Amino acid sequence: MQAQRKPLAERVAIVTGAASGIGRAIAQQFGCCGASVACIDIHSKAAEETAQHIREYGAKALAISCDISDPEMVKNAVDATVQQFGQLHILVNNAGISPLCAFDQITLEEWNRVIAINLTGAFLMCQAALPYLRRAGVCGRIINIGSLAGQTGGIAVGAHYSASKAGLMVLGKQLAKTLAPYGVTVNNIAPATTDTPLTQAWPKATLQALCKQIPLGRLGKPEDIAEVAVFLASDSASFITGATINVNGGLFID
Ligand SMILES: NC(=O)c1ccc[n+]([C@@H]2O[C@H](COP(=O)([O-])OP(=O)(O)OC[C@H]3O[C@@H](n4cnc5c(N)ncnc54)[C@H](O)[C@@H]3O)[C@@H](O)[C@H]2O)c1
């Protein structure tokens, strides 16, 4: 019998927002599955903690301090990854912010900030990674962490957040078509409310009300999202592109 090969062995991945929550879980799960991981985040100390966990599993990891809304920092982060690991196969656009705000309270400044991080940041990452992903060919992957709010409009979250996530997910669909001739796949994961530092900062009553609406009866866990990201990044998903995988406990069934 042949020993089981790790599904992401010899793959190099970038995970944005890897210092916390879903991004940290994805980066760590990628490391467990054999990938070398660049942990990109605006919070460098916590990104380094994620990288350290990954190294403890025996995988390679690098923490990079980067604000993904800054084009120069993004380019430097992608270049640093390739310099360190020699190649790039997988980009996970996970970093995001989600201010809770009523529509009539959203200032133009706050609107622009949410779009700059959640949508423009992913655009900048994709553009900077593109030459390497094309070179990666059938091993090339983009995985966007969208949101149920970007599919149906949000309940608790702000309209700027929902609009940014809808934009991110349709960017993924367009890039799926653009990159298919190279063998590169592009997919979205759409979580519903997931138990992370982002949602732990929300009022308890809001979280309880959201939880009650989830048919499977619990909030998502970062690991629920990470398992799907590993699958989409692996060879097992090489014929899936332009898809949105709902990880929402049945809250939205399309
Ligand atoms: N938690 C949920 O309920 C939920 C639901 C649907 C979608 N999502 C999405 O999943 C992703 C991760 O969310 P989370 O819940 O783990 O949040 P989180 O706040 O725990 O983690 C987000 C990470 O992104 C980083 N980040 C923020 N702005 C950045 C910037 N400009 N440059 C680089 N890094 C930056 C933060 O420092 C943080 O480490 C987000 O895109 C979020 O919108 C979360």
Side-chain angles (χ1 to χ4, degrees), residues 14-29 38-51 63-74 76-78 91-100 110 112-125 128 143-158 160-169 171-172 188-202 206-207 209-211 213-214 218-226 228-229 244-249 251-252:
I14 284 178
V15 180
T16 69
S20 176
I22 293 170
R24 172 171 276 182
I26 293 172
Q28 291 182 345
Q29 198 58 27
C39 304
I40 289 183
D41 206 285
I42 202 164
H43 289 129
S44 49
K45 196 164 166 264
E48 178 51 40
E49 281 167 22
T50 306
I64 302 175
S65 175
C66 169
D67 177 348
I68 59 156
S69 65
D70 180 320
E72 209 175 308
M73 288 184 98
V74 164
N76 290 341
V78 172
L91 167 64
V92 181
N93 288 310
N94 164 79
I97 56 169
S98 179
L100 296 186
E110 190 66 349
N112 286 338
R113 193 171 80 92
V114 171
I115 300 293
I117 295 171
N118 294 3
L119 179 55
T120 313
F123 156 73
L124 293 171
M125 289 298 311
I143 301 167
N144 293 325
I145 308 303
S147 172
L148 171 61
Q151 297 170 296
T152 64
I155 309 167
V157 293
H160 43 359
Y161 176 79
S162 304
S164 72
K165 290 295 183 179
L168 174 65
M169 290 193 284
L171 173 68
N188 301 314
I189 300 176
T193 313
T194 306
D195 186 15
T196 70
L198 184 148
T199 49
Q200 284 155 13
W202 292 359
T206 306
L207 275 180
L210 285 168
C211 191
Q213 296 176 38
I214 299 174
R218 65 165 175 87
L219 297 182
K221 293 179 285 188
E223 296 73 22
D224 294 325
I225 320 299
V228 178
T244 297
I245 312 281
N246 296 333
V247 187
N248 63 23
L251 188 54
F252 169 59

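As the structure lists them, so they are numbered: ligands from 1, and atoms in each ligand from 1. Only a predicted model underlies this, so the values are computations on that prediction, with no experimental measurement involved. Side-chain atoms are counted along with the backbone in the values below, which use heavy atoms only and exclude waters and symmetry mates.
For the side-chain hydrogen bond (donor to acceptor under 3.5 Å, both in side chains) test, residues two or more places apart in sequence or in another chain that qualify with D67 are S69. Under the rule for a side-chain hydrogen bond (donor to acceptor under 3.5 Å, both in side chains), S20 has no partner lying at least two apart in sequence or in another chain. Every residue meeting the side-chain hydrogen bond (donor to acceptor under 3.5 Å, both in side chains) condition with T244, not counting sequence neighbours, appears here in chain and number order: N188.
Taking every heavy atom of both residues into account, Q213 and L251 meet most closely at O-CD1, 3.2 Å. Nearest heavy atoms, S162 versus V157: OG-CG2, 3.8 Å. The shortest heavy-atom contact between I145 and P191 is CG2-CG, 4.0 Å.
Contact residues of ligand 1 (protein heavy atom closer than 4.0 angstrom to a ligand atom; sorted by chain and number): G17, A19, S20, G21, I22, D41, I42, H43, C66, D67, I68, N94, A95, G96, I97, I117, I145, G146, S147, Y161, K165, P191, A192, T193, T194, T196, P197, L198, T199.
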